[in-house]
Amino acid sequence: MLLVLGRRVLLSFVKRVIPQDPVLLSNPILQDFRTIKFRVIHSSTVFASATRQNTDTMPERRPFVRLPTDVYPVNYGLCLKPDLIDFTFEGKLEAIVKVNLATNQIVMNCADIDIITASFVPEGGEEINATGFNYQNEDEKVTLSFPSALQKGSGTLKIDFVGELNDKMKGFYRSKYATPAGEIRYAAVTQFEATDARRAFPCWDEPAIKATFDISLIVPKDRVALSNMNVIDRKPHPEDDSLLEVKFATTPIMSTYLVAFVIGEYDFVEGQSSDGVTVRVYTPTGKAEQGKFALEVAVKTLPFYNEYFNVPYPLPKIDLIAIADFAAGAMENWGLVTYRETALLIDPKNSCSSSRQWVALVVGHELAHQWFGNLVTMEWWTHLWLNEGFASWIEYLCVDHCFPDYDIWTQFVSADYTRALDLDALDNSHPIEVNVGHPSEVDEIFDAISYSKGASVIRMLHNYIGDKDFRKGMHSYLLKFQHKNAATEDLWDCLEQASGKPIALVMSSWTKQMGFPIIVVDQEQQGDDRILKISQKKFCASGPHNGEDCPNWMVPISICTGEDPGCTKLKVLLDSPETTITINNVSPDQWVKINPGTVGFYRIQYSSGMLESLLPGIRDLTLLPVDRLGLQNDLFSLLHKQADMQEEKNRIERVLGAISAPDLIQKVLTFALSQCTHNTP
Ligand code: BES
Ligand code: ZN
């Protein structure tokens, strides 16, 4: 019997490349050798649209049920006392909970934590001690059993527990650092996304179960203690005067994965954003200087988002801190954003502009999440792509606004956009939007498809809607769902209302099916009009798409002409396999180009005549750099498909040569033209 194998590819440490020279590095083959900075996205598994699973090699999808909703938290009173020598911590939770339905059990998330005692005090009633803690280790849950039913209404759940400050860079963990004198010490830090808050305290660790938090930390008095909110009280510990009890203000209602605390030795630089938020950048001791650039970025970035979303940042402070041991690149904890050192610190004496651009992008990304993610949170991890894709797009908008001389959109095209096209053309790609059941599947979807393709399709959407209506829609989305949860469709609804365009229909064609189209274009002059014949088919790196059902996309297409290369002359929505478009008033000597700005997520295959007509615009550089970059990348990928090794080497040399000497582009195009005439579609 023939078993159709589930195609499954393990991509370990997917990189998003931020190259130094965008044009030079648009060549995918060279990218790996020239990586200056990259963002680390966890090792990920990309699922293809497998027809049947190979049960020998593929792990079973674990059955998963969400937490019961009969008891849910309203406020977590949480006190933690880390021991930075023994690497353990003690915790005390006093959570105000609501019982929806009388029950004698409470089910919560809990992992690698030992519960010492647990009890429930109904409002105005007697304390009831739990009689059993049944750990379901596989499911990272604990069931607390009570001798009698907890009645509908409010109450306080009290739990005393202990845990380990682990060395796994998740949950509540230890991070090693050296003092300026070279002594090795440890800080205690957190990383909770996606599902590791449960390693620090028993909790309802799902993004839609929001509550407020009152956090206290008991720490050595010479250490810095930080959490999401500002400090409201600091007093000596009654039993040990070497310790301080630091109490933080109540948080807004929030998801557990955004809670954070840090205890260690740090210096900081401080500023104030024009909208009155105190911003601090915490650095290793003796390196405060290196926090100044990130501070400048954050102080500019907060008012930008404030104005763009027209919703104020709701906390009184935001801290950005460099953590010595950090698994991800950065994490958007509300009010206390954590970074790996290379994503936050800039040595003013020894840094290149690509390092500064990288720090600006990472700060822009995490601060965008303070609204998009933290204030409005995804209902479930299925919508994670939107969280990350959106932040990965708007980080560029923000950096472009704050540092216009960076020309950062060209970087976007050469890094995220072309990378997403390259990956998504493979047979083992996957749709951006994948249903997530068990949280262990969450890591699998943090890959370049959710980040870079996600960002690219949102960029295309923004261009299709136009900035004014896009902002209007974003504002109403954030206002409507603030302090709540939302699904992808909720954003499409708001953008649809604001723009009057069929957003859900357009976007689902890009998010629910993998891949993208190649747009085949030919032209004809009729009097003063230019007639374009446009068709779409799936672009596959492995050769023409041969599947029975040929997928179709709703493709926003923009067109510009040689008269004004920077300006879109016509916008159409291609909603069928092929169409004919008339552009009025285009003289026969004018070139016509599709996709100005390289914003549409598709490749273009021009007829030989159209391609040839673009040569003058390339030679005299009137075709903008980002358009030349897109054109070069499309041509490269089209040639690449038919190449043998020697031919390919020659082609790479030609393409690269063309970048430093524009006249060589002519040779590349001539070569491309000769290919087109042989392989006319
Ligand atoms: N929320 C993510 C970090 C994250 C991802 C934590 C997966 C846990 C699991 C954060 O906003 C992020 O996207 N960080 C990036 C850097 C960013 C600039 C793209 C990262 O860590 O690579
Ligand atoms: Zn992110």
Side-chain angles (χ1 to χ4, degrees), residues 71-82 89-99 108-109 120-121 123 153-161 172 188-190 192-193 197-198 200-219 224-235 237 244-263 273 275-280 302 311-321 331-338 367 369-371 373-377 478 481-485:
V71 181
Y72 66 88
V74 176
N75 169 272
Y76 291 87
L78 178 65
C79 180
L80 288 165
K81 186 175 166 220
F89 62 89
E90 292 170 20
K92 237 180 206 315
L93 175 69
E94 290 200 1
I96 299 171
V97 300
K98 279 245 160 71
V99 180
M108 308 168 77
N109 289 116
F120 182 81
V121 190
E123 204 173 30
S154 288
T156 305
L157 175 67
K158 297 183 177 177
I159 305 180
D160 286 357
F161 56 95
F172 198 12
V189 303
T190 56
F192 289 167
E193 192 180 15
R198 63 191 67 175
F201 58 100
C203 56
W204 286 260
D205 201 9
E206 294 183 2
I209 310 184
K210 289 192 174 190
T212 56
F213 287 80
D214 283 292
I215 293 173
S216 301
L217 298 172
I218 298 173
V219 300
V224 172
L226 301 170
S227 187
N228 305 81
M229 297 298 288
N230 50 307
V231 173
I232 50 166
D233 192 22
R234 196 179 266 121
K235 56 177 190 235
H237 191 260
L244 271 185
E245 184 170 347
V246 183
K247 195 168 160 33
F248 299 90
T250 309
T251 68
I253 188 165
M254 65 188 281
S255 307
T256 46
Y257 82 91
L258 295 166
V259 171
F261 16 91
V262 174
I263 300 104
S273 74
D275 42 344
V277 180
T278 302
V279 185
R280 283 183 178 181
L302 281 175
V311 174
Y313 173 74
L315 310 186
K317 66 95 177 174
I318 187 154
D319 296 323
L320 291 74
I321 185 164
M331 175 64 211
E332 69 265 28
N333 316 299
W334 214 356
L336 175 55
V337 185
T338 42
L367 296 197
H369 278 311
Q370 305 300 307
W371 284 260
N374 300 6
L375 184 62
V376 178
T377 311
L478 290 172
F481 295 101
Q482 62 179 332
H483 305 297
K484 300 196 188 94
N485 295 80

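The figures here come from the full heavy-atom set of this structure, side chains too, leaving out hydrogens, waters and symmetry mates.
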Point to revise | Heavy-atom side-chain proximity of L315 to V277 below 4.5 angstrom | key: no
Revision key, fill the gap. Heavy-atom nearest pair, S255 first then P207, reads OG-O, 2.7 Å
Point to revise | Steps toward side chain to side chain contact (heavy atoms under 4.5 Å, CB included) verdict (R280, L320) | key: CA-CA 6 Å; R280 283 183 178 181; L320 291 74; over 6 Å; no
Review point. Would you say K317 has more than 12 foreign heavy atoms packed within less than 6.0 Å of its NZ?
Key: yes
Practice item. Find the distance between OG (S216) and CG (L78) and round it off to the nearest 0.5 Å. Key: 8.0 Å
Check your understanding: How far apart are the C-alpha atoms of V337 and D319, what are their side-chain angles, what is the distance that settles it, and do they pass the side chain to side chain contact (heavy atoms under 4.5 Å, CB included) test?
Key -> CA-CA 6 Å; V337 185; D319 296 323; over 6 Å; no
**Study point:** Smallest separation among heavy atoms of M229 and P316, with atom names
**Key:** CE-CD, 4.0 Å
Practice item. Can you see which heavy atom on Q370 is nearest to which on G335, and at what distance? Key: OE1-N, 3.2 Å
Check your understanding: Under 4.0 Å between a Lys/Arg side-chain N and an Asp/Glu carboxylate O for K92 and D160?
Key -> yes
Check your understanding: Just wondering, do L80 and F161 contact through their side chains at under 4.5 Å, heavy atoms?
Key -> yes
Revision key, fill the gap. Between the CG atom in L244 and the CD1 atom in I218, the distance rounded to the nearest 0.5 Å is 10.0 Å
Review point. Under 6.0 Å between ring centres, would you say that holds for F89 and F172?
Key: yes
Check your understanding: Which distance, rounded to the nearest 0.5 Å, do you find between the CG of N75 and the CD of E94?
Key -> 10.0 Å
Exercise for review: Nearest 0.5 Å please: distance from the OG atom of S227 over to the NZ atom of K247.
Suggested key: 11.5 Å
Review point. Which heavy atom in A197 sits nearest to a heavy atom in D205, and how many Å separate them?
Key: N-OD2, 3.4 Å
Check your understanding: Which heavy atom of W204 sits nearest a heavy atom of T256, and at what distance?
Key -> O-CG2, 3.6 Å
Review point. Looking only at heavy atoms, what is the nearest atom pair of K210 and K484, with distance?
Key: NZ-O, 2.9 Å
**Study point:** Working for side chain to side chain contact (heavy atoms under 4.5 Å, CB included), residues W334 and L375
**Key:** CA-CA 9 Å; W334 214 356; L375 184 62; 4.1 Å; yes
Revision key, fill the gap. CD1 of I318 to CG of L336, rounded to nearest 0.5 Å, is 8.5 Å
Check your understanding: Quick one: which of Y72, F120, Y76 gives a side chain to side chain contact (heavy atoms under 4.5 Å, CB included) with V97?
Key -> F120
Practice item. Verify side chain to side chain contact (heavy atoms under 4.5 Å, CB included) between Y257 and M331, making sure each step is shown before the conclusion. Key: CA-CA 10 Å; Y257 82 91; M331 175 64 211; 3.9 Å; yes
Check your understanding: What orientation do Y313 and W371 show, parallel under 30°, tilted 30 to 60°, or perpendicular over 60°?
Key -> tilted
Practice item. May I ask you to test the N109-P202 pair for a side-chain heavy-atom distance under 4.5 Å? Key: no
Revision key, fill the gap. Value for OG1 (T251) from CZ (F213), rounded to nearest 0.5 Å, stands at 6.5 Å
Check your understanding: Does a donor on one side chain sit under 3.5 Å from an acceptor on the other, for N228 and N333?
Key -> no
Review point. Are the side chain of N374 and the backbone N or O of E332 linked by a donor-acceptor pair below 3.5 Å?
Key: yes
Review point. Hey, does V189 have a side-chain heavy atom less than 4.5 Å from the side chain of T338?
Key: no
Check your understanding: Are side-chain N/O atoms of N485 and T377 paired as donor and acceptor at under 3.5 Å?
Key -> no
